Amino acid sequence: MKTLTITRPDDWHLHVRNGAVLKTVLPHTAKQFARAIIMPNLKPPVTTVEQALAYREEILQAIPPGMDFKPLMTLYLTNSTTVEEIKKAVESDYVHAVKLYPAGATTNSDAGVANINALYPIFAAMEKYDLPLQVHGEVTNEACDIFDRERAFIESHLSAIHHNFPALRIIMEHLTTAEAVEFVQSTHANIAATITPQHLLFNRNALFAGGLRPHHYCLPILKREHHRLALVAAATSGNPKFFLGTDSAPHQTALKENACGCAGCYSANAALELYTEAFDRAEALDKLEGFASFYGADFYRLPRNTTTVTLEKSAWQVPESYQDNEVKITPLKAGETLSWKLL
Ligand code: DOR
Ligand code: ZN
């Protein structure tokens, strides 16, 4: 049996929600990953250090006994965020970054940033105190085609932010286009990016394969095949600017299979197996450890993990759903067969 042992990985972009959903999904992440960057787009959003610390406590309570897992907290940037709050975040041991959601770009982003240019004093403080900025890089202009919104964001905002704050560390989250890959590659080491499993495994045809497929709908939306190929090439290149961030985003099955279905793919149940499948198909298993276990930690200036995980090449079937009392969540590739299994 073929096996693969790598340093225990981390997930640098994860949604775990709170309440009952948190209890259902967190064990899936904790069994694979040592740490995860926890997204702050709760209702209401996590905008202060105080809220982040309370949310961290709730997450710690949801870790099954005996599992070793560290949540890394983030703040949700708004046009009301103050420099004082940035200083508090820098002084806190638990807040590792600040997330920029353009208002209206995605799930629970209504409270996000309506005027990016007005945030320049905040970016200046983050640059000065060396607090990383995580970016949901899509314009929200309704007139912009949904498949062009990432490219437009780079042209209209990200290039300027990078130009004005060259020492600010920026993570372009969930890359989906060849243009974004090129942007990250062409900038200096302060700009990095996460890549999700769904954007490595699927192109936009998956949204309509045999009918409308709500469980393939996430934002930024899946793109054409040439973009997927650019993402696979970047992830498997060994370039430390690209690292693992699942963007696993659980929604109740009924809210996905809906006349107006929510954006988000749930992948935490099999995240490492999904990435391993993508790297195996690209004949790049030797590049998985850097992408999954080293480059993110290095970029966030945290120590690399020291324990390992082992995967085995043996087929298994992804459950149709995960259910727990009032929670029912349908994972990516529900009912399908994966070729790698975490031991
Ligand atoms: O598909 C998405 N779902 N994209 C995001 O940016 C947010 C996420 C969520 O929170 O559900
Ligand atoms: Zn996300």
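Being a predicted model, the structure only gives us computed values, none of them experimental. Both counts, for ligands and for their atoms, begin at 1 and track the order of listing. For the single chain, residues carry numbers from 1 onward in sequence order.
Between Ala249 and ligand 1, no N or O atom pair is found at a separation short of 3.5 Å. Residue Gly264 has at least one nitrogen or oxygen atom sitting less than 3.5 Å from a nitrogen or oxygen atom of ligand 1, judged on distance alone. Polar contact with ligand 1: present for Leu219 (N/O pair, distance under 3.5 Å). Polar contact check, Arg17 against ligand 1: a nitrogen or oxygen pair lies under 3.5 Å apart.
Ion pairing between a basic and an acidic side chain is recognised when a charged N comes within 4.0 Å of a carboxylate O; Asp10 and Lys70 show no such pairing. We find that Asp280 and Lys313 are joined by a salt bridge, their nearest charged nitrogen and carboxylate oxygen being less than 4.0 Å apart. A salt bridge links Asp298 with Arg304; the closest basic N to acidic carboxylate O contact falls under 4.0 Å. Residues Glu91 and Lys88 are not paired through a salt bridge, judged by the lack of any N-O separation under 4.0 Å between the basic side chain and the carboxylate.
The NE2 atom of His13 and the OD1 atom of Asp247 meet at the Zn ion (ligand 2) at an angle of about 90°, given to 10°.
Checking side-chain atoms of Asp324 against main-chain N and O of Val327 turns up no donor-acceptor pair under 3.5 Å.
At least one heavy atom of His251 sits less than 4.0 Å from an atom of ligand 1.
When heavy-atom distances to ligand 1 are checked against a 4.0 Å cut-off, Asn41 comes that close only through its side chain, counted from C-beta outward. If you look at His136 next to ligand 1, the close heavy atoms, those under 4.0 Å, all belong to the side chain.
Between Asn190 and Ala167, the closest heavy-atom pair is ND2-CA, 3.4 Å.
Residue Thr177 is tested with Arg149, His227, Arg228, Glu150 for a side chain to side chain donor-acceptor pair (under 3.5 Å); the sole match is Glu150.
In this structure, the protein non-hydrogen atom closest to atom 7 (C) of ligand 1 is Thr106 OG1, 3.3 Å. Of the protein's non-hydrogen atoms, Ala263 O, 3.0 Å is the one closest to atom 3 (N) of ligand 1.
Residue His136 does not count as close to the Zn ion (ligand 2), with no N, O or S atom under 2.8 Å.
Going from atom CG of Asn203 over to atom OG1 of Thr176 covers 12.5 Å, rounded to the nearest 0.5 Å.
Listed by number with element, the atoms of ligand 1 under 4.0 Å from a non-hydrogen atom of Cys218 are 1 (O).
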